[in-house]
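For reference, the structure is listed below as structure tokens.
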Amino acid sequence: NRPPSARGLPARTVDGFVRPLLSALLCDPDLTTSSRCADLALRSFARGRLCVPEGGATALPELLAATLPPGTVRTGVCVTDASISSVGTKEHGEISCRSLLVATGARAAAELLPGLRVPDFHPVTVLHHTAPTAPLTEPALLLDGDRRGGPVAHTTVMSAVDPSRAPAGRPLISSTVLGLRTPPPEAELDGAVRAHLATLYGTSTADWELLAVQHDSEAVPAMPAPHDLRRQVRLLSGLYVCGDHRDTSTVQGALSSGRRAAYAILDDLGVRPDQGTLQLPTAA
Ligand SMILES: Cc1cc2nc3c(=O)[nH]c(=O)nc-3n(C[C@H](O)[C@H](O)[C@H](O)COP(=O)(O)OP(=O)(O)OC[C@H]3O[C@@H](n4cnc5c(N)ncnc54)[C@H](O)[C@@H]3O)c2cc1C
């Protein structure tokens, strides 16, 4: 694969736009991701733009669960053992099953199904601030194209994108710091982020209020080359695994691997999707 500069893009566009955009899309500040995956991320960005689920990240699984008969999905249950015919749970003891699909993150999947590979991960830290007035009214993703120094990879006025996420009557500014394996103390991180946000938004952030800091050291499975975009989801007849670690490290990848696993289960059970009641989405 050719580097962006060899595709006719001027160096300024590569450094000031393509690199920060790819870092944001892939949560990978050093851009160690396979170029095939980077191409896919750019393609999705160009074709579909960026979006967030209205109401927060839980809206999507809640919408999917709402299409099922009541009681089908139980949440708040911790699985401790997994096999083809049963799962052990902390709360309800053993539950028997005909087939098992493990749909956790990569590390939990490998704990339940020893032998599964655990990838490296990109850490993600998100700081949420509120301010007396929104520093921007557009629903835009602000990148540090000039690399003016500071920890923020990208930031957005989330209340302009999805007002339902904002504290009542106040703006919500969400900013992402990439690459922190162990974040510094909260006050230190907030100080550095606020100083960078003042430069990025061109306004004082002295009277901004920090609402929350969320850090996940294993937020996104790394995708170095060669990355297998279609990792096996059927381990045995009756035992399946899906999630972002079987596909691309995105919500899209998690959904796509879930669809592949669902088809494999139906196939093994001898159910043809077009004959049953299960409606599966078609490939994007
Ligand atoms: C801060 C942050 C920002 C992100 N931003 C983006 C973005 O902008 N775009 C994008 O596409 N992706 C983004 N991602 C990545 C995206 O969230 C993941 O790729 C996606 O959620 C993976 O879905 P999944 O179903 O594979 O796993 P998850 O969403 O992690 O779901 C796994 C579920 O399994 C449950 N679980 C784990 N262990 C057990 C157990 N033993 N028993 C029972 N349940 C268990 C967990 O509680 C969890 O609910 C981001 C991730 C983070 C952390």
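In listed order, ligands and their atoms are each counted from 1.
Among all non-hydrogen protein atoms, the one lying nearest atom 28 (P) of ligand 1 is Gly105 N, 5.0 Å. For atom 45 (C) of ligand 1, the closest non-hydrogen atom of the protein is Thr104 CG2, 3.8 Å. At the shortest separation from atom 33 (C) of ligand 1 among protein heavy atoms lies Ala103 O, 4.0 Å. From the protein, the heavy atom lying nearest to atom 26 (O) of ligand 1 is Asp244 N, 2.8 Å. At the shortest separation from atom 50 (C) of ligand 1 among protein heavy atoms lies Val220 CG2, 4.4 Å. Protein heavy atom nearest atom 21 (O) of ligand 1, with residue, atom name and distance: Val251 CG2, 4.5 Å. Protein heavy atom at the shortest distance from atom 5 (N) of ligand 1 is Cys27 SG, 4.9 Å. From the protein, the heavy atom lying nearest to atom 44 (N) of ligand 1 is Val77 O, 4.1 Å.
Distance check for atom 1 (C) of ligand 1: a protein heavy atom is found below 4.0 Å. The protein does not reach atom 48 (C) of ligand 1 closely, with no heavy atom under 4.0 angstrom from it. For atom 10 (C) of ligand 1, the nearest protein heavy atom lies closer than 4.0 Å. Distance check for atom 23 (O) of ligand 1: a protein heavy atom is found below 4.0 Å.
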For Leu235 and Leu116, what are the C-alpha separation, side-chain angles and deciding distance, and is it a side chain to side chain contact (heavy atoms under 4.5 Å, CB included)? CA-CA 10 Å; Leu235 304 178; Leu116 276 193; 4.2 Å; yes
Full working for side chain to side chain contact (heavy atoms under 4.5 Å, CB included) between Met158 and His128: CA-CA 9 Å; Met158 191 51 84; His128 301 283; over 6 Å; no
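Side-chain atoms of Arg259 do not come within 3.5 Å of backbone N or O of Ala254 as any donor-acceptor pair. Proximity of a side-chain donor or acceptor of Glu138 to a complementary backbone N or O of Ala140 within less than 3.5 Å is not detected.
For ligand 1, the atoms sitting less than 4.0 Å from at least one non-hydrogen atom of Gly243 are 26 (O), numbered in the order shown with element in parentheses. For ligand 1, the atoms lying closer than 4.0 Å to a non-hydrogen atom of Asp216 are 53 (C). The atoms of ligand 1 that sit less than 4.0 Å from any heavy atom of Val124 are 1 (C). Listed by number with element, the atoms of ligand 1 under 4.0 Å from a non-hydrogen atom of Ala254 are 22 (C), 23 (O), 24 (P), 25 (O), 26 (O).
Val77 and Arg74 make their closest contact through CG2-CB, 4.3 Å (heavy atoms, listed as atom of the first residue, atom of the second, distance).
Defined by atom type and a distance below 3.5 Å, a donor-acceptor pair is present between the side-chain atoms of Asp144 and His196.
One option in Val102, Val79, Leu25, Thr250 has a heavy atom closer to atom 41 (N) of ligand 1 than any other, and that option is Val79.
Other residues, nucleotides and ligands contribute more than 12 heavy atoms inside 6.0 Å of the CG atom of Asp216. Residue-environment remark: CZ (Arg117) exceeds the threshold of 12 foreign heavy atoms within 6.0 Å.
Checked against a 3.5 angstrom limit, the closest N/O atoms of Ala219 and ligand 1 fall outside it.
Side-chain atoms of Leu60 and Val251, non-hydrogen and from C-beta on, do get closer than 4.5 Å to each other.
The residue from Leu197, Thr205, Thr199 that alone fulfils the side-chain contact (heavy atoms from CB on, under 4.5 Å) condition with Tyr201 is Leu197.
The pair Asp268-Arg234 counts as a salt bridge, with a side-chain nitrogen and a carboxylate oxygen less than 4.0 angstrom apart.
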